[in-house]
Amino acid sequence: MAAANSDRAKKIVQGFKLNWMNLRDAESGKILWQSNDDLSQPGVEHEARVPKKVLKCKAVSREINFSSEQELENLRLEQAVQFKGKAMEEWLFDFGFVIPGSTNTWQSVIEAAPESQMMPAGALSGQVVIETKFYDGDLLVSTSAVRVFYV
């Protein structure tokens, strides 16, 4: 959970901030969870307390608002969902070009696994870590981790 070592990656991390994030039921648009914590910061395992009803949604819309002092040619995320340290799923997201000194809102839809493959919230709570790798093109900028508790 650390920033990459190149000078460019360090500059990007220093000037990057996740201002807020929310999860919505993609069908109804209702906000199920929201946080103003900067969950992108490396070096610490963050925690998120998410309502378990998010697991019942057919699709979840994730909206993030972020600011960047640096220009990014191709912002992208690789997210690995781990259960008890073992990879369960991987999600790839592409934002693209980020204007230096800008604040942006990025919405992505995540389709749920079939209900027959879903584990109950009680078994998942506190055992799931979402590791997010932030890239500018092929340059690994930072890695952060969020442990999810379903409440």
Side-chain angles (χ1 to χ4, degrees), residues 1 3 12-137 140-151:
M1 292 185 300
I12 292 170
V13 169
Q14 288 170 351
F16 188 90
K17 182 174 188 318
L18 184 69
N19 300 312
W20 54 263
M21 175 178 158
N22 68 42
L23 299 176
R24 299 174 188 257
D25 179 329
E27 289 183 336
S28 71
K30 182 180 178 191
I31 293 177
L32 303 174
W33 176 82
Q34 185 162 330
S35 174
N36 294 322
D37 295 336
D38 187 352
L39 301 175
S40 71
Q41 288 302 304
V44 61
E45 184 177 89
H46 303 277
E47 291 185 0
R49 299 192 183 302
V50 178
K52 54 186 160 196
K53 63 183 158 188
V54 77
L55 296 172
K56 301 286 185 199
C57 297
K58 291 181 181 173
V60 173
S61 168
R62 178 190 63 196
E63 190 173 18
I64 62 174
N65 178 276
F66 67 92
S67 300
S68 179
E69 292 176 10
Q70 300 296 316
E71 174 181 305
L72 292 114
E73 292 180 24
N74 184 22
L75 174 62
R76 62 187 186 85
L77 307 180
E78 291 182 5
Q79 290 189 306
V81 180
Q82 300 171 0
F83 176 69
K84 295 185 177 180
K86 294 184 181 171
M88 287 178 49
E89 288 185 83
E90 185 174 84
W91 302 322
L92 307 175
F93 301 97
D94 291 300
F95 182 83
F97 183 77
V98 176
I99 297 169
S102 65
T103 297
N104 306 272
T105 301
W106 181 9
Q107 191 170 25
S108 305
V109 175
I110 302 164
E111 300 284 330
E115 196 171 336
S116 63
Q117 295 178 16
M118 294 294 285
M119 294 174 66
L124 294 170
S125 189
Q127 302 299 321
V128 172
V129 174
I130 301 174
E131 180 185 80
T132 303
K133 293 183 179 184
F134 294 82
Y135 288 90
D136 183 14
L140 175 61
V141 173
S142 166
T143 303
S144 70
V146 178
R147 185 170 297 275
V148 181
F149 294 88
Y150 294 98
V151 294

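For clarity, every value in this text was computed on a predicted model and none was experimentally measured. All residue numbers in this chain count up from 1 along the given sequence.
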Could you go through residues 14-23 and list every donor-acceptor pair under 3.5 Å that involves a side-chain atom there, pairing it with any protein atom two or more places apart or in another chain?
| residue | atom | partner | partner atom | Å |
| --- | --- | --- | --- | --- |
| Asn19 | ND2 | Asn65 | OD1 | 2.8 |
| Asn19 | ND2 | Ser67 | OG | 2.9 |
| Asn22 | ND2 | Glu63 | OE1 | 3.3 |

Original post:
Between Arg147 and Glu47, is the closest basic N to carboxylate O distance under 4.0 Å?
Top reply: no

Subject >> Residue pair Gln107, Thr105: steps toward the side chain to side chain contact (heavy atoms under 4.5 Å, CB included) verdict >> reply: CA-CA 7 Å; Gln107 191 170 25; Thr105 301; 5.8 Å; no

Subject >> Glu131 vs Thr143, side chain to side chain contact (heavy atoms under 4.5 Å, CB included): CA-CA, chis, key distance, verdict >> reply: CA-CA 7 Å; Glu131 180 185 80; Thr143 303; 3.6 Å; yes

Original post:
Tell me, do Val81 and Trp91 make a side-chain contact under 4.5 Å, heavy atoms counted?
Top reply: yes

Original post:
Are the side chain of Asp37 and the backbone N or O of Leu39 linked by a donor-acceptor pair below 3.5 Å?
Top reply: no

**OP:** Quick one: closest heavy-atom pair of Tyr135 and Gly137, and the distance?
**Re:** CB-O, 3.4 Å

**OP:** State whether the side chain of Ser68 and the backbone N or O of Pro100 hold a donor-acceptor pair below 3.5 Å, judged by distance alone.
**Re:** no

Original post:
How many angstroms lie between CG in Asn104 and CD1 in Ile64, if you round to the nearest 0.5 Å?
Top reply: 9.5 Å

Original post:
Roughly how far, to the nearest 0.5 Å, is the CG atom of Leu140 from the CD atom of Glu78?
Top reply: 8.5 Å

Original post:
Just by modelled atom types, is the Ser40 backbone N or O under 3.5 Å from a matching donor or acceptor in the Asp38 side chain?
Top reply: yes

Original post:
Any side-chain heavy-atom pair from Met118 and Leu55 closer than 4.5 angstrom?
Top reply: yes

Subject >> Thr103 and Phe66, any side-chain heavy atoms less than 4.5 Å apart >> reply: no

**OP:** Establish, yes or no, whether the cationic atom of Arg49 lies under 6.0 Å from the six-membered ring centre of Tyr150 and within 45° of the ring axis.
**Re:** no

Subject >> Separation between NE2 of His46 and CD1 of Ile130, rounded to the nearest 0.5 Å >> reply: 12.5 Å

Original post:
Is any side-chain heavy atom of Ile12 closer than 4.5 Å to a side-chain heavy atom of Asp136?
Top reply: yes

**OP:** Begin from the C-alpha positions of Phe134 and Ser144 and carry the test side chain to side chain contact (heavy atoms under 4.5 Å, CB included) through to its verdict.
**Re:** CA-CA 8 Å; Phe134 294 82; Ser144 70; 3.7 Å; yes

**OP:** Identify, with sequence neighbours excluded, every residue that meets ring-ring contact (aromatic ring centres under 6.0 Å, His included) alongside Trp106.
**Re:** Phe95

**OP:** I would like to know whether Arg62 and Gln79 meet side-chain hydrogen bond (donor to acceptor under 3.5 Å, both in side chains); could you show each step before the answer?
**Re:** CA-CA 13 Å; Arg62 178 190 63 196; Gln79 290 189 306; 2.7 Å; yes

**OP:** Could you tell me whether the side chain of Ile110 reaches within less than 4.5 Å of the side chain of Phe93, counting heavy atoms only?
**Re:** yes

**OP:** Output, in order, the C-alpha distance, side-chain angles, deciding distance and verdict of side chain to side chain contact (heavy atoms under 4.5 Å, CB included) for Val54 and Val60.
**Re:** CA-CA 7 Å; Val54 77; Val60 173; 3.7 Å; yes

Original post:
What are the two closest non-hydrogen atoms of Ala112 and Cys57, and how far apart are they?
Top reply: CB-O, 3.2 Å

**OP:** Side-chain contact test, heavy atoms from C-beta onward, threshold under 4.5 Å: evaluate it for Glu71 versus Val98 and give yes or no.
**Re:** no

Subject >> Sub-4.5 Å side-chain heavy-atom contact between Lys53 and Leu32 >> reply: yes

Original post:
Does atom CD1 of Ile99 have more than 12 heavy-atom neighbours, drawn from other residues, nucleotides or ligands, at distances under 6.0 Å?
Top reply: no

Original post:
How many angstroms lie between atom CG of Leu92 and atom CG of Asp94, to the nearest 0.5 angstrom?
Top reply: 7.5 Å

